2 protein chains.
Amino acid sequence: MKEGPDIARLGSLIGDPARANMLTALMSGKALTASELALEASVTVQTASAHLGKLNAGGLLRQRKQGRHRYFALADEDVGHLLEGMMGLAARKGHMRTTTGPRDPAMRKARVCYNHLAGELAVHMFDGLVAKGHLLETGDELELTAGGRALMAGLGIDLEAIGSSRRPLCRACLDWSARRSHLAGSLGVALMERFCQLGWARREAGTRAVVFSARGEKEFLRTF
Amino acid sequence: MKEGPDIARLGSLIGDPARANMLTALMSGKALTASELALEASVTVQTASAHLGKLNAGGLLRQRKQGRHRYFALADEDVGHLLEGMMGLAARKGHMRTTTGPRDPAMRKARVCYNHLAGELAVHMFDGLVAKGHLLETGDELELTAGGRALMAGLGIDLEAIGSSRRPLCRACLDWSARRSHLAGSLGVALMERFCQLGWARREAGTRAVVFSARGEKEFLRTF
DNA sequence: ACAATACTTCGATTATGATCGAAGTATGAA
DNA sequence: TTCATACTTCGATCATAATCGAAGTATTGT
């Protein structure tokens with residue numbers, strides 16, 4: 001008799017293309033309605049509803065009803081983290097969905113990975129922090145140095161506040177488009193928010209791509 | 001047009017119960033024959049062969065032919081790591097396969113998680129190392145202290161040799177049975193091997209359970 | 001109140017993929 | 001050489017689950 005976690009169930013939940021597309025869309029970290037997710041998955045709303053019911057029953061989603069609208073989001077960061085991991089392995093194994101579309105350059109450059117910045121700019125930041133000795137890296141282990149803490153303070157990041165959460169401060173997250181690490185963890189999240197507050201970057205509706213202004217990108221590259 | 005990694009493909013590869021059972025069996029870190037895997041999955045050899053073909057095409061396996069025998073193993077540590085992560089999330093979400101069989105206590109106590117020790121004893125070791133200040137823990141970040149290095153040297157672990165690999169020295173791995181961390185990384189691997197060398201523990205054929213002798217367990221508990 | 005919108009549920013359809021018996025190929029032992 | 005064993009491949013079967021049209025429920029706007 002087999003015992004232990006049922007990875008087959010989890011795998012099959014993610015293994016349907018429509019459901020995978022919805023989960024991927026929710027990696028934006030935003031909550032989307034059933035109708036929006038149906039569009040993401042290119043299925044009818046009724047089909048999407050059935051799928052969302054399964055993902056919800058499996059604990060992968062959380063939902064909030066707002067009047068006639070039902071908003072769905074990934075259940076928690078653990079789910080996001082697993083999906084990231086799957087994306088990374090899929091990319092490493094060459095499981096890429098077909099086409100390099102017009103959006104692809106934008107996604108490769110900068111996008112949201114659930115709650116932190118990913119893409120070439122994010123990788124640049126990670127590498128820059130490491131190269132300048134602001135971030136100490138031993139494999140997956142990351143620690144912010146005194147210089148790094150000063151840099152963050154200068155950016156307006158309150159390390160005391162974000163360091164108190166259960167989430168690790170710094171975590172390396174493998175960037176599937178660049179095949180190198182970018183910064184996750186509570187610092188990664190805080191930085192994503194901060195870039196938007198500073199007006200360096202903004203989120204576009206309906207996509208995970210993050211758009212940096214010319215000035216914002218210049219400041220970003222100057223900083224990291 | 002959707003672009004990016006195809007997590008649906010990966011999910012569906014893992015999402016079949018027979019294939020999931022085989023992957024789980026391969027978490028032992030050993031290479032198994034097609035016939036053995038067929039038994040693990042409770043399917044015929046021909047069915048197993050078809051499944052193994054798919055897993056192989058998906059890059060999740062590596063194989064080695066030895067005379068009439070074809071040995072299959074997980075492709076690499078990345079695959080093991082993802083499967084661990086899925087087990088952890090499945091456990092957290094309550095996706096548990098049914099029964100607590102006679103082997104369950106043994107599996108809960110000590111088992112192999114791809115290449116390092118897991119289970120209650122492994123969690124005890126992790127917690128002991130942290131409590132005694134041998135291991136510094138900040139979230140997922142782990143660092144061996146000088147005291148910890150001395151302890152390992154005393155155990156006969158050559159930290160220079162194992163520290164040079166690409167793999168992190170210390171990595172926390174969530175133990176699905178105990179719901180707490182155990183030690184992975186190259187140190188985790190080396191410790192697993194060392195326990196067997198010392199005669200404290202041994203592997204049993206056909207299972208991931210690790211059997212500690214009475215003396216071995218006493219030594220283990222005294223050490224950690 | 002009525003119409004529009006956002007879902008959820010039901011039921012029939014059908015494509016898909018797991019399954020195993022049969023057959024074939026490769027290797028090892030007697 | 002023959003027989004046994006370890007697979008791989010083929011083809012037919014069939015269970016399953018995704019799918020959407022239809023219908024129903026809930027909310028919002030006019």
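Quick caveat: nothing in here was measured; it's all calculated off a predicted structure. Sequence lines set the chain letters: A, B, ... in the order given, protein chains first and strands last, and positions in each chain run from 1.
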Participant: Would the distance check show the side chain of A:Arg194 and the main-chain N or O of A:Leu155 forming a donor-acceptor pair, the cut-off being under 3.5 Å?
Facilitator: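 Present.
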Participant: Take the protein atom CZ of B:Arg70 and the nucleotide atom P of C:dT25, then report the distance between them rounded to whole Å.
Facilitator: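 Going from CZ in B:Arg70 over to P in C:dT25 covers 16 Å.
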Participant: Within this structure, what is the CG-to-P distance between A:Leu32 and C:dA6, rounded to whole angstrom?
Facilitator: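 About 14 Å, once rounded to whole Å.
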Participant: State plainly whether the residues A:Glu217 and A:Lys109 are in salt-bridge range, i.e. N to O under 4.0 Å.
Facilitator: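 Salt bridge flag = yes for A:Lys109 with A:Glu217.
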Participant: Of all the choices, C:dT19, C:dC7, C:dG28, which nucleotide is nearest to the side chain of B:Val43 once you look at every atom?
Facilitator: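 Nucleotide nearest to B:Val43's side chain: C:dT19.
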Participant: To the nearest Å, give me how far apart CE (A:Met22) and C1' (C:dC7) are.
Facilitator: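 For the pair A:Met22 CE and C:dC7 C1', the rounded distance is 14 Å.
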Participant: Check whether any side-chain N or O of B:Glu36 sits under 3.5 Å from a backbone N or O of B:Thr33 as a donor-acceptor pair, and report yes or no.
Facilitator: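 Pair found, side chain donor or acceptor close to backbone of B:Thr33.
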Participant: Going by heavy atoms closer than 4.0 Å, what residues in residues 45-57 of chain B are next to DNA chain C?
Facilitator: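 DNA chain C contact set from residues 45-57 of chain B: B:Gln46, B:Thr47, B:His51, B:Lys54.
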Participant: Would the distance check show the side chain of B:Thr223 and the main-chain N or O of B:Glu219 forming a donor-acceptor pair, the cut-off being under 3.5 Å?
Facilitator: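 Flag set: sc B:Thr223 to bb B:Glu219 pair under 3.5 Å.
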Participant: Could I get the full list of salt bridge (charged side-chain N to carboxylate O under 4.0 Å, His left out) partners for B:Asp16, not counting sequence neighbours?
Facilitator: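 B:Asp16 satisfies salt bridge (charged side-chain N to carboxylate O under 4.0 Å, His left out) with no residue once adjacent residues are dropped.
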Participant: Would you tell me if any nitrogen or oxygen in the side chain of A:Arg19 comes within less than 4.0 Å of OP1 or OP2 on D:dA18?
Facilitator: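 So the side-chain polar atoms of A:Arg19 do come within 4.0 Å of the phosphate oxygens OP1 or OP2 of D:dA18, strictly under.
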Participant: From C-beta outward on B:Arg68, which listed nucleotide comes closest to its side chain: D:dT8, C:dT19, C:dG28?
Facilitator: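 It is C:dG28.
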Participant: Are B:Asp6 and A:Lys93 ion-paired here, with the side-chain N under 4.0 Å from a carboxylate O?
Facilitator: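 Answer for the salt bridge query: no.
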Participant: Does A:Ser35 place a side-chain N or O at less than 4.0 Å from the phosphate oxygens OP1/OP2 of C:dC7?
Facilitator: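 A:Ser35 to C:dC7 OP1/OP2: side-chain N or O found under 4.0 Å.
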Participant: How long is the span from the CE atom in A:Met27 to the CG atom in A:Leu83, to the nearest 0.5 Å?
Facilitator: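 Nearest 0.5 Å value for the CE-CG distance: 5.5 Å.
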Participant: To the nearest Å, how far apart are B:Asp16 CG and C:dT19 C1'?
Facilitator: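 Those two atoms, CG and C1', are 10 Å apart.
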Participant: Ring-plane angle category for A:Phe220 and A:His124, please: parallel below 30°, perpendicular beyond 60°, tilted otherwise.
Facilitator: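 The rings of A:Phe220 and A:His124 sit tilted, inter-plane angle from 30° to 60°.
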Participant: Rounded to whole Å, how long is the line connecting atom NE2 of A:His69 with atom P of C:dA4?
Facilitator: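 Those two atoms, NE2 and P, are 17 Å apart.
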Participant: Does B:Lys65 have a side-chain nitrogen or oxygen under 4.0 Å from the phosphate oxygens OP1 or OP2 of C:dT27?
Facilitator: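 Answer is yes, contact under 4.0 Å.
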Participant: Which nucleotide, C:dT8, D:dC7, C:dC20, lies nearest any side-chain atom of A:Phe72?
Facilitator: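 The answer is C:dT8.
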Participant: Any idea how B:Phe212 and B:Phe195 line up, ring-wise: parallel (<30°), tilted (30 to 60°), or perpendicular (>60°)?
Facilitator: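 Aromatic pair B:Phe212/B:Phe195 classed tilted.
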Participant: Note down the inter-axis angle between the two ends of the helix from C:dA1-D:dT30 to C:dA30-D:dT1, five pairs each, to the nearest 10°.
Facilitator: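 About 20° separates the two local helix axes.
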